[in-house]
Structure formats: structure tokens, C-alpha cells
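If you read the sequence from its start, that first residue is 1, and numbering goes on from there.
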Amino acid sequence: MKWFREARFGLFIHWGLYSQAAGEWDGKPSPGAGEWIMNDRQIPPTQYAKLVPQFNPVKFDAREWVRIAKDAGMKYICITTKHHDGFALYPSALTDWCIKSTPFQRDPLKELAGACQEAGITLCFYHSIMDWHHPEYAPRKSWFDGSNNTPDFEKYVAFLKGELKELLTGYGPIGIVWFDGNWESTWNFDRGADLYKYILSLQPNTIVNNRVGRDRKGVAGTTDGQERIGDYGTPEQSIPASGYGPGVDWETCMTMNGTWGYKKSDQNWKPTQTLVRNLIDCASKGGNYLLNVGPTGEGLIPDASIERLKEIGQWMQVNGEAIYGSTASPFSRQLPWGRCTKKTTTAGTTLYLHVFDWPNNGELLLPGLNNKTAKAWLLADAKKKSLSAELTEDGLLLKLPETAPDAISSTVVVQIKGALRVEPVMTTQRRDGSITLPAFEARLHGKTLRYEQGGPLDDIGYWTDPADWAEWEFKVRTPGKFEVTALIAAPATGSFDLSIGGTTLRCASPVTASYFDFKPVTLGVIEIPAASTSTLAVRPVSDAWQPMNLKSIKLKLITSSP
Ligand code: FHN
């Protein structure tokens, strides 16, 4: 996994027959992602095959694709060798349902392998277990041609292994086999374990993702415990709230707009700032970011994607050092101004502070950092002019220049002498007995819950999954009864439980104009028992949950207890 952890940033490419359809069939847009058009429009394979004579990507230029990825700062490329439609993007000897049946009498994977080799980019292959075309694949769908209602799945698995043998013996070293489509009833743990072993028998150094297994549960889609197969987890379209702790490798894959495969009607492009901050967020939690492009049927990456990749590359030119080979933040909580990545060697630790919100007062606090620094400077400053760093009771306080070097995210380097020491910083009850718990001090648990910052945000958001929850640990000086209020924004009211110790308040979120319209809401009265510290948890009520954004919780002392 060494190269994977060093790389941190890769390009996902969804390209195949569906790219030719461009998200439309019979002149009507398909409801879902471009690569799902066969399923979403229930197109029988024999009709879908009309795309074969049309697919002739004469503008495909492997070297250009690799240059675009490399200039963006990406270290690996993962391309769909076969997506769910079963169409192989290479001239397979096992089936005519592949590129050799199209007018494009070339092998794009071979050309891509050569271009990656020349550029020092690691080539990886996405391969779908699910296959909507192969007559022996099961379960059969109602819209499949009625060719075979007694499929022999063993025959399909033998075909699948044959394809993988062609791919892992014909295109040089493959960095990752990125399985997908592993969720149907015919796939199981044993088949996954067998396939994992088979891949390693062909290329022992290949990494295999967790979707070789049966199900995507637990960590980032990895089936936990002994059921876990594969080398890393694969959260999709989301960044885990707090990563998965040391020793767990994972990679978030994400589209740039709303579709993996090309869909001409989808122009809903994420801004470059969002894409760069997603990359930083993943690295700050110990994960990789696999960012997708969906090239057209002609073989061109959409201009909007190229534009964003170019801008990401400009940021990476200056700040890549803070991403490549970095490891997760040493701070147990969110940082109100951005993220942190780190590199530790025998000589000491270097922290990379990714400042999204440049402080107006020029002060940047590293909460709980209790080290004397060797030196701090702006990564963008070639002269490495030292920044003032003062050790305070709250942590290390840096003085920053007035202007941020980069509006997207500016990197401050902090070199730490000796072993890194970060004391867990806890909110403390104020003299007036009140306790304020801001979003950034929460410890977040779950798949999509995240701390959002910048502008009107500074809240816990993306709370779409009722299994996700948040907690705050804080020091108690005066126990007693407290009135609880919260600042919440939510377009629909939902229920959640707020608990301290053994006491639970069943609460309802207010309805506000939007996810950005925060309103104070009184939630009730709760007891904080006598103890040096306490923990407050907020957990959705799963069958009555509606997503909400939570900015802060306030506890106001009503009556103190002895
Ligand atoms: O169904 C596929 C989808 O088309 C796309 O390939 C994504 C990428 O990770 N994987 C599956 C959905 O989870």
C-alpha cells in the first residue's frame, strides 16, 4: 500500500459504450447516471448494441489524457475496463461484446498503459462483477433478452476470471483492480475471497479494493471483521466524518458533476475550490481522493473537467508537498479554520495547516499543541520567512500575514521539534456556569456527517444518514440543571435524542427557510451530574429523522447542585 498512501490523488475514468449514448436514448434524457442508461431505460442488449457501430472515438489521445491527469497532480489513473453493461474496452479474445466490434480498431487500454508508463503514472483497472450483457450472468433482469432463463453463474465467473487474466497479463503492472457491482445476490464472501486470491496469483503486487467482497457495509463499504476482503475501503460521493482511524486505508471516489459516465445534459459542475478542499479533507483524514471524468463517445474529456483539473494542478504545484505521502491530522476535533495533514520522520513532525478561512486578526490557534516549534512558514513562500509562533495555555498560536496566499486554501508549514504533543482540548464550563458547544468542537461519527466551514457555514452538515451522530466532551465545574438551546437550520422538522450521562431529551428540530437559515431553538432542561468531565451526544431518531445543520448547542445553568 506504500505507493497508494504516497499518491493520495487519482483520476477515475468512466468510459465505454454508454459514453456514446451521452445520457440520452431515443432522444430522451435518461434519469440516472450516464453509465446506467441500459438499466434506467431498460434497453435490451440487442437494442443497446446499436451503439457498437457508432462508437468510434477517433479523438481519443491517451498521452493527452495522461498529461491532463499528471498536470493536475494525480499519481494514478483508474479506467473502466468493463462497466455493468458488460462491454469490454479492449479487444478481448473471449467475447465479441468488446471494442474490436466497433469501427475503432485500436486498443485504448494498451495506448493508455503505454502513456502511463512513459509519464510514471500508475495504471489501475475498474472492473464490474455485475454484467447486464453476458448470457450466463445472474440474476437475470426482466429487460434482458430472453436468451437464457437458466443461467449458469459458474460459467459467468469463469468468463469473468478469463477477462481479468487478459487484463492482468496483457497491459503491464496494474496498480489497483477496482471491483464494483458486487451487491447482487449471486455474489458472496467466498467468491470474493477466491477472486481476490486469483488477482494476486496473476499480479502479486496489485492492490484490490473492498468491492471484491460481497457487500459494502461497515468501514467505507468494507464488510467489517473477518468478513472483510480487499485492501482498502471505498466511500463513494462522500468523505467520512472523521476517517477510519490509523491503519485503515480508504479512498473516496467522487464525480465532478452528477454522473460518472458522460451525460451531455449534466452541466452541474462542482467548483474547483470544492474539489481541492475535498482532496485536502480526504488527506487530513488519512484517505485518498479518486476524482472522476466521463469522456465523450469521441474520446474527449469534457472541457469543464479539463478546466477544473488545470486549476487543481495550479494549486497542487504550490501545495502538493502537503498532500503526497501525508497522514491524518493529529487533532481529535475539527479545526475551525480548515484542515491539517502531517508527515512524521525520525527527525520530528511537520504539520501542514490548510487554512480555508484566513483569520482576520492574523492569529491561528493549533488547539492543544504543546510543542516548541522549530520553525513555521508559508509553503508558498520560497524564502520560508519565519512566522511568529507562541506557546499558550490553549495551544500554539501563530501570527499570519494579512493576505492569504491562496483563496482556495493556503498552507502553513509548522516544523515540530521532538515528539509531537497534542493535548486533547476540551470545552470548559464558563464562570457563569454556561457551556457552549460549537460545531467544530464536536467529534463526528458516521459516513457523510461533516463539519462545514466558511462564510455562513461553521456547522455540522451533510447529516443525511440517521446512523451518523455527534458528541462533545467538556469539563464540568458546576453540575446542576441546565436549559438546553441550539442553533439549527433545517427545511423540515425531525426528531433527535440529546443525551448527557443517562439522561436523554427527545428533541425536535425547527423548520427554517433553508439549510443556511439558523434559528435558536429551546430543547428542554437536562441534568449534568457531578463529574470532572461529561459528554453530550446528539443522535437522530432513525424513523423520524430529517437532515438538519447544527451550528452550536448552549447549556445555561438554571440550578446548581451541590
Ligand atoms: O453503479 C456504479 C456506478 O455506475 C459507478 O461506477 C460507481 C463508481 O464508484 N460505482 C457504482 C455505484 O456504487
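Here the side chain of S560 pairs no donor or acceptor atom with the backbone of G480 at under 3.5 angstrom. In this structure, R421 contributes its side chain and N370 its backbone to a donor-acceptor pair below 3.5 Å. In this structure a side-chain-to-backbone donor-acceptor pair under 3.5 Å is missing from R339 to L335. A side-chain donor-acceptor contact under 3.5 Å links K343 to the backbone of Y324. Distance alone, capped at 3.5 Å, is enough to place a donor-acceptor pair between the T512 side chain and the A490 backbone. Between the T493 side chain and the A508 main chain, no donor and acceptor come within less than 3.5 Å of each other. The backbone N or O of A467 sits nowhere less than 3.5 Å from a side-chain atom of W545 that would complete a donor-acceptor pair. Within the 3.5 Å criterion, the main-chain N or O of V208 finds a donor-acceptor partner in the side chain of D231. Judged by distance alone, with hydrogens and angles left aside, the side-chain atoms of R450 form no donor-acceptor pair with the main-chain N or O of Y462 at under 3.5 Å. A distance-only check finds a donor-acceptor pair linking the side chain of N371 to the backbone of A419 [under 3.5 Å].
Checking S386 against K375 by side-chain atom types alone, a donor-acceptor pair falls below 3.5 Å. No side-chain N or O of Q317 forms a donor-acceptor pair with one of W315 less than 3.5 Å apart. Side-chain contact annotation: N292 with T255, donor-acceptor N/O pair under 3.5 Å absent. Defined by atom type and a distance below 3.5 Å, a donor-acceptor pair is missing between the side-chain atoms of D266 and T259. For the residue pair E251/Y232, the side-chain donor-acceptor check at 3.5 Å is satisfied. In summary, the side chains of D432 and S434 do present a donor paired with an acceptor at a separation below 3.5 Å, with no hydrogens or angles considered.
Rounding to the nearest 0.5 angstrom, the gap separating the CG atom in L449 from the OG atom in S242 is 8.0 Å. Here the CG atom belonging to L11 is positioned 6.5 Å from the CD1 atom belonging to I301, to the nearest 0.5 angstrom. Interatomic distance, Q237 CD to C253 SG, rounded to the nearest 0.5 Å: 6.5 Å. Here the OG-CG distance, from S238 to D465, works out to 9.5 Å after rounding to the nearest 0.5 Å. Taking OG1 from T503 and CG from D497, the interatomic distance works out to 12.0 Å, rounded to the nearest 0.5 Å. One finds the NZ atom of K70 at 7.5 Å from the NZ atom of K75 (value rounded to the nearest 0.5 Å).
The closest side-chain heavy-atom distance from R431 to R477 is below 4.5 Å. Proximity of I500 to F482: side-chain heavy atoms (C-beta onward) are nowhere separated by under 4.5 Å. Under the 4.5 Å side-chain criterion, counting only non-hydrogen atoms from C-beta, T252 is not in contact with N278. Here the side chains of S305 and W269 are in contact, with some heavy-atom distance below 4.5 Å. Under the 4.5 Å side-chain criterion, counting only non-hydrogen atoms from C-beta, I312 is in contact with T272. The closest side-chain heavy-atom distance from C116 to Y76 is not below 4.5 Å. You'll find the side chain of E236 reaches within 4.5 Å of the side chain of R211, heavy atoms only.
A salt bridge is defined here as a Lys NZ or Arg NE, NH1 or NH2 lying under 4.0 Å from an Asp or Glu carboxylate O, and K310 with E307 fails to meet this definition.
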Applying ring pair (Phe, Tyr, Trp, His ring centres under 6.0 Å), run through W260 and F12 and close with a yes or a no.
CA-CA 9 Å; W260 301 93; F12 213 170; 5.6 Å; yes
Take T234 and N209 through the test side chain to side chain donor-acceptor pair (under 3.5 Å) and record every step on the way to the result.
CA-CA 7 Å; T234 52; N209 76 349; 4.8 Å; no
Check the pair V276 / F356 against side-chain contact (heavy atoms from CB on, under 4.5 Å), numbers first and verdict last.
CA-CA 11 Å; V276 172; F356 297 172; over 6 Å; no
Working for side-chain contact (heavy atoms from CB on, under 4.5 Å), residues V538 and I553
CA-CA 10 Å; V538 175; I553 290 175; 3.7 Å; yes
Would you sort out whether Q334 and L444 count as a side-chain contact (heavy atoms from CB on, under 4.5 Å), showing the intermediate values?
CA-CA 9 Å; Q334 275 72 243; L444 304 178; 3.9 Å; yes
Run the numbers on T478 and L557 for side-chain contact (heavy atoms from CB on, under 4.5 Å), then give the verdict.
CA-CA 8 Å; T478 315; L557 183 61; 4.0 Å; yes
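Closest non-hydrogen pair, V293 versus P295, comes out as O-CD, 3.5 Å. Contact detail for Y126 and D180: the closest heavy-atom pair is OH-OD2, 2.7 Å. Looking at every heavy atom in both residues, V66 comes nearest to A115 through CG2-CB, 3.6 Å. Closest approach of W472 and L437 over heavy atoms only: CD1-CB, 3.5 Å. Between W250 and P235, the closest heavy-atom pair is CE3-CG, 3.8 Å. Heavy-atom minimum distance, M548 versus S509: SD-CB, 3.7 Å.
Identified under the salt bridge (charged side-chain N to carboxylate O under 4.0 Å, His left out) test for residues 433-444, with sequence neighbours left out: R333-E441.
Crowding of R67 atom CZ: a count of heavy atoms from other residues, nucleotides or ligands under 6.0 Å exceeding 12. Applying the 6.0 Å contact sphere to CD of E483 captures more than 12 heavy atoms from other residues, nucleotides or ligands. Residue-environment remark: NZ (K399) exceeds the threshold of 12 foreign heavy atoms within 6.0 Å. Within 6.0 Å of CG in N360 there are 12 or fewer heavy atoms belonging to other residues, nucleotides or ligands. More than 12 heavy atoms of other residues, nucleotides or ligands sit less than 6.0 Å from atom NZ of K270.
Exactly one residue among L353, D357, L387 makes a side-chain contact (heavy atoms from CB on, under 4.5 Å) with L364. That residue is L353.
Residues passing the salt bridge (charged side-chain N to carboxylate O under 4.0 Å, His left out) test with K285 are D281, sequence neighbours excluded.
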